[in-house]
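Heads up, the thing below is written out as structure tokens.
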Amino acid sequence: MRSVQSNCHYCGYLCGLTATVEDVEPSERYPGGERLVSLAPDPARYPYSEQIINGCRRWRMNLTEIDGPERVNFPLRRVAGTPRGSGQWERVSWDEALGDIATRLRALAAEHGPQTLATAIGGPHAVYWPLHRFMNLWGSPNNMGIGQICWNIRIWMDALAYGWPIEANIDPATTGQIFLWGTNPAESDNSLFWRTLLQMTRAGTPLVVIDPRRTRTARIATLHLAPRPGTDCVLALALIREIIARERTDAAFIERWCHGYPQLREHVEPYSLEYAEEITGIDAANIALAAEIFSAPTPTALLSGRGIDQLGPATAPTHRALSLLRAITGDVDRPGACLIMETSDFVPEIDLEMSAALSDTARLAQLRCQKTPTLQTYAGYVAATALTSRLGRTPANPEGNRLPMRYLTSAHPNLVWRAATGEGWGGEKPPYRVSALICMAANPLVTYANTALVHRALHSLELLVVLEYYLTPTAQLADFVLPSAGALERPQFQAHGGVSNFAYGGAAALAPYYERRCDYDFWRQLGCRLGQQEQWPQATLQEAIQTTLAPTGLSWQDWSSGGIYCGPANFYKHERRKGNGEPRGFATSTGKLELVSEFLVELGSTPLPEPVLLPGPTTGSPPLATPISPSAVAPPATSLAPQSPDAVPLTLITGARKQPYWASSYFN
């Protein structure tokens with residue numbers, strides 16, 4: 001028996017655990033000769049409290065599910081000649097599975113080109129970048145990430161406003177008031193942040209929660225604003241207007257560091273409290289009170305969540321409006337408000353994923369809508385990174401701050417599915433066929449829009465490979481289901497896509513049970529079979545993480561025992577002096593925080609956020625979402641209600657969470 005420090009992975013926090021591991025006789029069940037006996041919280045590592053971990057319902061599942069009856073434990077191949085979904089499987093070796101997959105991929109690429117392979121990724125079993133590296137080296141731009149409904153749009157909007165992404169800096173010592181917008185940490189977090197939030201509100205820190213539901217988080221709020229779903233941008237612009245009208249802005253910060261304030265002031269003028277009340281359904285007096293709280297002299301921390309990441313066409317303008325709301329009160333790169341993050345001391349994601357290996361020809365083949373200017377293409381990425389890379393240049397990072405490419409250039413799922421079925425879009429046939437798909441921790445048949453289309457697409461594929469814990473609905477339609485190692489069976493490394501100087505994780509507790517393997521092993525070994533040997537020098541995920549951490553000087557022992565690397569939090573970076581004595585400013589077109597985005601103008605988009613009203617329930621096909629403006633004939637607020645007695649009497653929302661689920665990740 002021995003105690004081993006490891007990490008949970010039933011949510012994104014990777015809380016520290018101590019595993020008791022017993023040496024046993026090697027067997028089919030325990031090929032590494034190790035068995036998990038028990039688990040306990042590790043108060044020496046994040047979240048530094050046994051009480052906090054014991055309050056979570058997730059971490060104990062590591063003990064019950066490591067040998068759960070429904071786990072996939074051996075590589076499975078669909079029996080030849082049987083239809084998809086028949087449940088007819090044969091057990092094969094990893095070598096046989098990898099060899100067969102490699103042979104089929106070569107043949108499909110020879111017929112259709114390398115872009116015929118697409119991938120789908122969800123909450124990863126370990127790390128994202130091995131999939132990204134394989135796809136770049138293979139020559140396909142068609143990875144379907146989860147960025148459309150998580151992370152990407154916020155990262156883009158913040159980067160264009162501030163020059164780099166930000167994180168809320170909620171600190172009991174400096175934060176004056178907290179705004180939580182579309183997030184419910186009482187259910188989705190239940191970790192150190194939630195406990196800190198409880199302590200701060202009990203100590204008198206004002207908390208404003210914006211959420212259509214009266215969630216557990218909303219119940220502890222000083223003020224709860226419940227907007228009609230999809231009207232968040234109108235609310236944000238009304239808050240900006242009210243703060244400006246009451247002269248509660250940070251005038252000195254705006255004068256010195258903001259670009260486009262007169263245009264913003266004119267833009268928000270029509271968004272009166274009365275208009276906002278009509279559209280959002282929130283009492284005008286409460287909107288005014290929220291504006292007063294937000295614009296207090298003390299730092300305001302604003303944290304948004306999945307609730308507004310999933311508003312479709314309303315997502316980008318809402319995030320853009322929140323970026324500007326922080327700016328007019330000077331709550332940017334300010335202690336207690338938010339921190340503009342910095343590129344990492346460790347090897348950044350952009351280098352790990354080897355995006356430079358993807359040719360220009362392959363990038364142009366990306367399945368994205370080319371008729372509308374968009375950031376989430378390779379051309380959009382290159383143009384935006386030309387701005388962000390103006391700052392952050394050091395001897396160790398001569399290219400400056402570079403966003404991770406593969407996250408922010410995901411293929412559009414709807415177009416991938418239509419390229420698989422041959423249905424095309426916009427009256428045009430697909431430019432080529434998608435004939436193969438590899439799913440890593442993704443279950444698109446359940447989680448992607450338009451289930452009927454996804455179902456047709458999966459049945460149209462010539463090769464479907466799923467790396468999973470369970471026989472999910474997607475896995476049941478696969479040609480191969482490959483067993484992924486669980487959290488305690490693999491090392492962990494979470495680095496937030498390479499946009500911060502912060503990472504956490506730790507070592508594996510024990511060798512994988514049965515024939516499970518790390519996803520890294522799959523991508524590396526498949527890549528080596530397809531001519532990528534030189535680009536996969538590290539034989540294991542642990543070696544790859546050690547190489548990633550090497551520039552920090554952190555040893556593997558230090559990483560395993562501490563579980564965290566955190567660079568210094570440097571605030572007010574725009575005021576730092578460069579070699580010529582000038583302040584460094586922001587990595588934007590103007591060098592200032594851009595209230596009016598000159599980059600978006602160049603892209604052919606709107607320089608200021610314009611709300612989009614989502615359609616309410618109707619009996620027929622819903623109309624396209626349309627921009628709204630109080631200066632035009634805006635749809636009445638009643639358009640969000642059922643429009644006939646036969647309409648479904650429901651109000652649709654996004655982002656609901658409930659313990660123990662972390663979305664649907666790691667569940668069957």
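What you see below is based on every heavy atom in this structure, not just the backbone, and it leaves out hydrogens, waters and symmetry mates. Residue numbers start at 1 and run along the sequence shown.
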Are [X] and [Y] within salt-bridge range, i.e. N to O under 4.0 Å?
X      : Y      : value
Glu167 : Arg154 : yes
Asp351 : Arg402 : yes
Arg326 : Asp331 : no

Side chains of [X] and [Y] only: does a donor on one sit below 3.5 Å from an acceptor on the other?
X      : Y      : answer
Ser484 : Asp519 : yes
Asn136 : Arg406 : yes
Ser560 : Trp556 : yes
Thr119 : Asn143 : yes
Asp158 : Ser323 : yes
Thr318 : Asp232 : no

At their closest point, which heavy atom of [X] faces which heavy atom of [Y], and how far apart are they?
X      : Y      : result
Ala495 : Phe346 : CB-CE1, 3.8 Å
Ala507 : Ser6   : O-OG, 3.0 Å
Ala321 : Cys233 : CB-SG, 4.2 Å

- request: Assess whether ring pair (Phe, Tyr, Trp, His ring centres under 6.0 Å) is satisfied between His574 and Tyr162, documenting all intermediate values.
  value: CA-CA 10 Å; His574 49 283; Tyr162 314 127; over 10 Å; no
task: I would like to know whether Gln5 and Asp42 meet side chain to side chain donor-acceptor pair (under 3.5 Å); could you show each step before the answer?
output: CA-CA 8 Å; Gln5 291 178 307; Asp42 182 357; 3.1 Å; yes
Should the pair [X] and [Y] be assigned to parallel (<30°), tilted (30 to 60°) or perpendicular (>60°) ring geometry?
X      : Y      : value
Tyr504 : Phe502 : tilted
Tyr520 : Trp536 : perpendicular
Tyr46  : Tyr13  : parallel

task: Give the intermediate values and the outcome of side chain to side chain donor-acceptor pair (under 3.5 Å) for residues Asn184 and Thr217.
output: CA-CA 6 Å; Asn184 180 21; Thr217 305; 2.5 Å; yes
query: Is there any salt bridge (charged side-chain N to carboxylate O under 4.0 Å, His left out) pair reaching into residues 574-600, and which pairs are they, with sequence neighbours excluded?
result: Glu342-Arg576
- prompt: Of all residues at least two apart in sequence or in a different chain, which pass the side-chain contact (heavy atoms from CB on, under 4.5 Å) check with Cys8?
  reply: Tyr10, Leu17, Trp59, Asn62
query: Honestly, is Arg133 close enough over Trp523, meaning NZ or CZ under 6.0 Å from the six-membered ring centre and within 45° of the axis?
result: no
query: Given Glu353 and Tyr128, is the side chain to side chain donor-acceptor pair (under 3.5 Å) satisfied, shown in steps?
result: CA-CA 9 Å; Glu353 65 189 25; Tyr128 285 99; over 6 Å; no
- prompt: So Arg524 and Asp521, salt bridge (Lys or Arg N to Asp or Glu O under 4.0 Å) or not? Walk me through it.
  reply: CA-CA 5 Å; Arg524 179 181 182 273; Asp521 298 334; over 6 Å; no
- request: For the pair Asp558 and Tyr565, evaluate side chain to side chain donor-acceptor pair (under 3.5 Å) and give the outcome as yes or no after the intermediate values.
  value: CA-CA 10 Å; Asp558 290 340; Tyr565 177 82; over 6 Å; no
- prompt: Should Leu541 and Pro491 count as side-chain neighbours, where that means a heavy-atom distance under 4.5 Å?
  reply: yes
